[in-house]
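The structure appears right after this line, and notes come after that.
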Amino acid sequence: MYFCAVMAPFLGSALAGLAGRWLGARGSGCVSVLGLFSSALLSALIWHEVALGGSIVTLSLGSWFAASTVHVEWNLCFDALTACMMITVTGVSACVHLYTLGYMQADPHLPRFLSYLSLFTGGMLILVTASDLISLMVGWELIGVCSYLLIGFWFHRLSATKAAQKAVLVNRVSDTGLLIGLFRAWWYLGSTDHSLLATTSTTAYYTDWICFALLAGVLGKSAQVGLHVWLADRMEGPTPVSALIHAATLVTAGVYLVARTSPLWECSAIGRQVLVFVGAVTSVVAATMGLVQNDMKRVIAYSTCSQLGYMTVACGLSHYSLAIYHLMTHACFKALLFLGAGVAIHATADVQDLRRQGGAHQALPLVWACLLLGTLSLLGWPFLAGYYSKDAILELAWATPGAAGNYAYVVLMAVAALTRAYSFRLLVAAFVEPANARRLEVSVPGVPLTMALPLAVLSLGSIIAGYALSDALIGWGSLFWQSSVFTAPGTIYAIDRHMIPVWAAWLPVATVFIGLAYGIAFVWPLPWCAEPVYKSIYLFLLARWQFDYVWNQQIAAPVLKMGAQTWLALDKGVLELLGPRGLTTAVTSWAVPSVRQWQTGTVHDYALVLKVCVVFGLMALAFPNWWLDVGTLGGARLDARALCVAALLVILTP
């Protein structure tokens, strides 16, 4: 069962990719969807046995490689954390696969797309079931490659190709940091196995360096500030890709990595403080950028980036289980938002601009209801999924003493108000406002069953997931996590968050109405953008805080110029002379002609060369210590052998 749950997506990917020409679009869809639904069903059974039953399972697949003190086994570990991630990944992915059959039914390359999508899910399952950091890197790199293939699936579009290249290059930077962290963990702790981190980690300077290196990997994969520039560009791919990446797979890998290596983070106070700072800054930067975006999918993408900041803050405040809890609820309503937006875009001739939409609530009442439900869950409306997890993070920040908790609470409350604003702006512009589209872009009524069924399933998850999982995942005295998540006794304030004042607990709900007013006021066109000050702020936010400019002009351009100089100095200079080509040229152009000149054909010349060689040989024989160690020449003793050689030299020299 355990092995089949991981391998089912790979089998579906292989059949859809290799036999897609014979199976056709419908056959490939059936095979891939069957593989994902089988994996989701088995993941539910694993959840019942491992998470609820408290039975940790390790599946050994044999030895991978061994070198010196490194011995890596292919082990699949199934504990509570793995079970949570598996049921989230496979559940959302199964809905996305079914949705794809209706969304891309007219695409001639649907089998290839389904193959990439299943392979992407399989790579994520490899990542979450890996028993050590080295095996985790396999899944980590596989989802990176699959994301490149999926974003650039429509390769005939230049924007999609550039977005795919940008994503893979930015992630190369973070992956390098993660690889350094892996080396440091092995060097200082002696192992990269997850089960040994709790016993080998300790409060020391090298723990901080390991955490900083792991943080570099988190920055890229989970789109934290600085390396978040690739996230919005991923909207160039098909909508199912956006839903799968932003809901349950790629961007959640960084949060999972922090939770999996929690013993290391608990030994690094400065590492947790950096997590809080990075997460809070990411949330506010993404929220401000989402406030002015006109692309429907980009608004939801920046919402994802903002919510990832919430999860990072929860990890920085030592409540890793709360971060995973918010990850699971976020996967439901964020996938619902993306898939609902995909239906609205699909029904309006693929128009994503909010300024050319409107009036869709009459033609698409199901989509309007699903997006409204997903938005309210995102905003934390009482008794929906987001209310239980998102507000819990705000309460945790309130209850955490010190500067980190106060800073996180103030920033995240401001982000909550901004989230309300851009979420309601999207709903009002796309559904409530009068239609502002061309005649051929007016919403077409009707939603196919393959697209409506995933929306219904995710809507149900957005309603009940928070309440159903709250007690088990973050309840008092819950033994759900066992040893999969480690928290030091002196760093957890999970109980204190239940003791905050009532007005502070209900304060996030009050911002919903403030956000609604801002959303209506800032629907398009923005009323105050004609003023110079507001226009400058608007253009600055529309330019994404100039992060792309800084990366391109201040970092990438100097590196390329340095590359041109090193190409001239090293490639065309040192390596050209000392490399294979330089040595070949030296031998054929200089050494061979020089040796050829020695072949004069005269016996006297050959006798002279022989005589010189004999003289040098006798000198080496007379003074053996001279050429072994020049410093001992003065102390060398001239014995009878040396005198005989000297006499021979006197005879031969004339």
Side-chain angles (χ1 to χ4, degrees), residues 88 91-92 94-96 98-99 102-103 239-240 242-244 246-248 290 296-297 299-301 303-304 306-307 310 325-347 354 357 359-392 416 419-433 443 445-470 508-509 511-513 515-516 519-520:
T88 304
V92 173
C95 293
V96 171
L98 182 60
Y99 177 90
Y103 186 84
T239 299
S242 305
L244 192 58
H246 289 255
M296 179 184 290
K297 290 170 62 177
V299 175
I300 305 176
S303 172
T304 300
S306 180
Q307 297 306 306
Y310 272 82
Y325 176 46
H326 187 50
L327 184 153
M328 297 178 70
T329 58
H330 172 265
C332 295
F333 59 74
K334 188 51 60 71
L336 178 64
L337 287 174
F338 266 111
L339 297 185
V343 175
I345 293 170
H346 202 56
L354 291 173
Q357 291 186 346
H361 67 287
Q362 297 177 351
L364 302 169
L366 175 63
V367 178
W368 159 249
C370 291
L371 280 177
L372 179 60
L373 176 62
T375 300
L376 291 177
S377 183
L378 168 65
L379 302 184
W381 191 256
F383 311 117
L384 295 181
Y387 168 76
Y388 292 93
S389 59
K390 185 178 179 180
D391 284 14
T419 303
R420 273 77 168 168
Y422 65 69
S423 298
F424 281 123
R425 174 175 174 262
L426 185 149
L427 288 177
V428 173
F431 292 92
V432 179
E433 286 289 304
S443 298
V447 180
L449 180 61
T450 54
M451 301 171 70
L453 187 58
L455 294 178
V457 174
L458 293 172
S459 299
L460 183 63
S462 300
I463 296 174
I464 67 173
Y467 176 76
L469 301 176
S470 178
V509 179
T511 61
V512 174
F513 304 99
L516 178 60
I520 296 175

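What you see is a predicted model; the values in this text were computed from it and never measured.
- With Y325 contributing its side chain and G466 its backbone, the two residues share a donor-acceptor pair below 3.5 Å.
- Side-chain contact between Y388 and Y467: present, with at least one pair of heavy atoms (C-beta onward) separated by less than 4.5 Å.
- Scanning all heavy atoms of the two residues, the minimum distance from G102 to M451 falls at C-SD, 3.8 Å.
- Side-chain contact between L384 and L373 is present, with heavy atoms from C-beta onward closer than 4.5 Å.
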Test side-chain contact (heavy atoms from CB on, under 4.5 Å) applied to W368 and L427, step by step: CA-CA 8 Å; W368 159 249; L427 288 177; 4.2 Å; yes
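- Geometrically, K297 does not engage F338 in a cation-pi contact, judged by NZ or CZ lying under 6.0 Å from the ring centre and within 45° of the ring axis.
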Show the numbers, then the answer: is there a side-chain contact (heavy atoms from CB on, under 4.5 Å) between H246 and I300? CA-CA 9 Å; H246 289 255; I300 305 176; over 6 Å; no
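- Of all heavy-atom pairs spanning V92 and A335, the tightest one is CG1-CB, 3.9 Å.
- When all heavy atoms of R420 and K390 are compared, the closest pair comes out as NH1-NZ, 3.7 Å.
- Counting all heavy atoms, side chain and backbone alike, A344 lies closest to F431 at CB-CZ, 4.3 Å.
- Here Y422 contributes atom OH and L354 contributes atom CG; the two are 13.5 Å apart, rounded to the nearest 0.5 Å.
- Counting all heavy atoms, side chain and backbone alike, L337 lies closest to L371 at O-CD2, 3.4 Å.
- Side chains of M328 and L469 form a contact here, defined as non-hydrogen atoms less than 4.5 Å apart.
- Considering CG of L453 and SG of C95, their distance stands at 7.5 Å, rounded to 0.5 Å.
- To the nearest 0.5 Å, atoms SG (C370) and CG (L455) are separated by 4.5 Å.
- Checking side-chain atoms of S303 against main-chain N and O of V299 turns up no donor-acceptor pair under 3.5 Å.
- With hydrogens and angles disregarded, a donor-acceptor distance shorter than 3.5 Å links the side chain of Y99 to the backbone of L339.
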Tell me, with the steps shown, if T239 and Y103 meet side-chain contact (heavy atoms from CB on, under 4.5 Å). CA-CA 8 Å; T239 299; Y103 186 84; 3.0 Å; yes
Output, in order, the C-alpha distance, side-chain angles, deciding distance and verdict of side-chain hydrogen bond (donor to acceptor under 3.5 Å, both in side chains) for S377 and S462. CA-CA 7 Å; S377 183; S462 300; 4.9 Å; no
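- The heavy-atom pair separating L378 from S423 by the smallest distance is CD2-OG, 3.7 Å.
- Note that CD1 of I463 and CG of L376 are 10.5 Å apart. Values are rounded to the nearest 0.5 Å.
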